[in-house]
Amino acid sequence: QVQLVESGGGLVQPGGSLRLSCVASGFTLDYYAIGWFRHAPGKEREGVSYSSGVDGRTVYTDSVKGRFTITRDNAKNTVYLQMNSLKFEDTGVYYCAAVEDFGLADGLALEGAVYDYWGEGTQVTVSS
């Protein structure tokens with residue numbers, strides 16, 4: 001049974017950092033693309049970052065470039081999202097999602113519709 005479990009969310013002040021984890025089970029992470037998405041109240045779900053299991057490519061939405069870093073540890077079947085210099089607008093529920101990696105084009109990497117499996121999410125709140 002495919003399962004994704006996120007953790008690492010919490011309350012942090014602006015400028016602070018968090019590291020989110022996404023632990024996968026039921027499949028081998030090496031052959032899957034992983035995306036991180038967030039959903040803020042009153043806003044549409046937004047693709048944040050992507051990691052290819054096949055060629056190591058990463059993609060970031062413009063608002064997080066230079067602040068967020070996606071990495072994966074295939075031995076632990078885990079993907080991480082390191083979030084630095086957090087801003088109020090980074091607040092939301094963060095989800096990881098997976099899809100078998102046949103080489104997603106960069107233009108599709110942050111589109112939620114292409115992903116097959118989703119976690120339950122972890123809340124990130126940036127507040128002073």
Side-chain angles (χ1 to χ4, degrees):
Q1 181 181 359
V2 172
Q3 191 174 18
L4 297 169
V5 179
E6 304 94 335
S7 63
L11 174 64
V12 63
Q13 292 185 340
S17 298
L18 285 173
R19 188 177 79 157
L20 305 184
S21 298
C22 171
V23 179
S25 59
F27 65 96
T28 302
L29 200 57
D30 306 47
Y31 305 110
Y32 280 75
I34 299 294
W36 280 100
F37 296 81
R38 64 187 178 192
H39 194 184
K43 296 184 179 180
E44 292 188 357
R45 184 180 63 195
E46 175 188 23
V48 175
S49 183
Y50 156 89
S51 168
S52 170
V54 173
D55 58 19
R57 283 183 303 121
T58 57
V59 175
Y60 299 92
T61 192
D62 286 346
S63 64
V64 307
K65 285 179 181 176
R67 300 189 298 122
F68 290 12
T69 304
I70 188 170
T71 57
R72 57 168 67 205
D73 185 338
N74 287 344
K76 294 183 178 180
N77 240 30
T78 301
V79 177
Y80 303 99
L81 185 67
Q82 178 67 42
M83 306 188 297
N84 298 329
S85 303
L86 283 161
K87 303 177 181 180
F88 293 119
E89 53 264 41
D90 294 318
T91 294
V93 179
Y94 281 69
Y95 301 88
C96 64
V99 63
E100 195 167 358
D101 196 344
F102 295 108
L104 274 178
D106 285 3
L108 292 176
L110 299 182
E111 293 293 330
V114 306
Y115 289 84
D116 294 325
Y117 307 106
W118 291 80
E120 294 294 317
T122 184
Q123 175 71 46
V124 171
T125 303
V126 184
S127 176
S128 55

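Computed from heavy atoms alone, side chains included, the values below leave out hydrogens, waters and symmetry copies. None of the values given here were measured: they were computed from a predicted structure.
Phe37 is connected to Leu108 through a chain of hydrophobic side-chain contacts under 4.5 Å among Ile, Leu, Val, Met, Phe, Trp and Tyr, so both are in one cluster. In the hydrophobic clustering of this structure, Val12 groups with Val64; members are Ile, Leu, Val, Met, Phe, Trp, Tyr whose side-chain heavy atoms approach within less than 4.5 Å, directly or through other members. Ile34 and Tyr80 are members of different hydrophobic clusters when ILVMFWY side chains are connected at heavy-atom separations under 4.5 Å. Both Trp118 and Leu110 belong to a common hydrophobic cluster when Ile, Leu, Val, Met, Phe, Trp and Tyr are linked at side-chain heavy-atom distances under 4.5 angstrom. Linking ILVMFWY residues whenever their side-chain heavy atoms come closer than 4.5 Å, directly or via other members, places Tyr94 and Leu4 in the same cluster.
Residue pairs satisfying the salt bridge (charged side-chain N to carboxylate O under 4.0 Å, His left out) criterion with at least one member in residues 111-128, sequence neighbours excluded, are absent. The salt bridge (charged side-chain N to carboxylate O under 4.0 Å, His left out) pairs that include a residue from residues 33-56 are Arg38-Glu46, Arg38-Asp90, Asp55-Arg57, where partners are two or more places apart or lie in different chains.
Between Thr71 and Gln82, the closest side-chain pair of non-hydrogen atoms is not below 4.5 Å. Within the 4.5 Å cutoff, the side chain of Tyr115 has heavy atoms near those of the Val99 side chain. A 4.5 Å side-chain heavy-atom check between Ser51 and Trp36 finds every atom pair outside the cut-off. For the pair Tyr50 and Ile70, the minimum side-chain heavy-atom distance is 4.5 Å or more. Between Thr69 and Tyr60, some side-chain heavy-atom pair lies under the 4.5 Å cut-off.
Residues passing the side-chain contact (heavy atoms from CB on, under 4.5 Å) test with Ser7 are Ser21, sequence neighbours excluded. With sequence neighbours left out, the side-chain contact (heavy atoms from CB on, under 4.5 Å) criterion links Asn77 to Ala24, Leu29. Remark: Val2 pairs with Phe27, Tyr117 by the side-chain contact (heavy atoms from CB on, under 4.5 Å) rule, at least two apart or across chains. Remark: Val23 pairs with Thr78 by the side-chain contact (heavy atoms from CB on, under 4.5 Å) rule, at least two apart or across chains.
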Q: Check step by step if side-chain contact (heavy atoms from CB on, under 4.5 Å) holds for Leu20 and Glu6.
A: CA-CA 7 Å; Leu20 305 184; Glu6 304 94 335; over 6 Å; no

Q: Before giving the answer on side-chain contact (heavy atoms from CB on, under 4.5 Å), spell out for Val79 and Cys96 the whole-Å C-alpha distance, their side-chain angles and the decisive distance to 0.1 Å.
A: CA-CA 9 Å; Val79 177; Cys96 64; over 6 Å; no

Q | Trace of the side-chain contact (heavy atoms from CB on, under 4.5 Å) decision for Val126 with Glu89 | A | CA-CA 8 Å; Val126 184; Glu89 53 264 41; over 6 Å; no

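When every heavy atom of Leu11 is checked against every heavy atom of Ser127, the shortest pair comes out as CD1-CB, 3.9 Å. Looking at every heavy atom in both residues, Val124 comes nearest to Met83 through CG2-CE, 3.8 Å. The minimum heavy-atom distance linking Ala33 with Leu104 is given by the pair CB-CD1, 4.4 Å. When every heavy atom of Ser17 is checked against every heavy atom of Asn84, the shortest pair comes out as OG-OD1, 2.9 Å. The shortest non-hydrogen separation linking Ser128 to Pro14 is N-CD, 3.9 Å.
Note that the CZ atom of Phe102 and the OH atom of Tyr32 stand 8.0 Å from one another [nearest 0.5 Å]. In this structure, CG in Leu81 is found 11.0 Å from OG1 in Thr122, a value given to the nearest 0.5 Å. Put simply, CD on Gln123 and OG1 on Thr91 are 7.5 Å apart, with the number rounded to the nearest 0.5 Å.
Remark: the backbone N or O of Val54 is paired with a side-chain donor or acceptor of Asp101 at under 3.5 angstrom.
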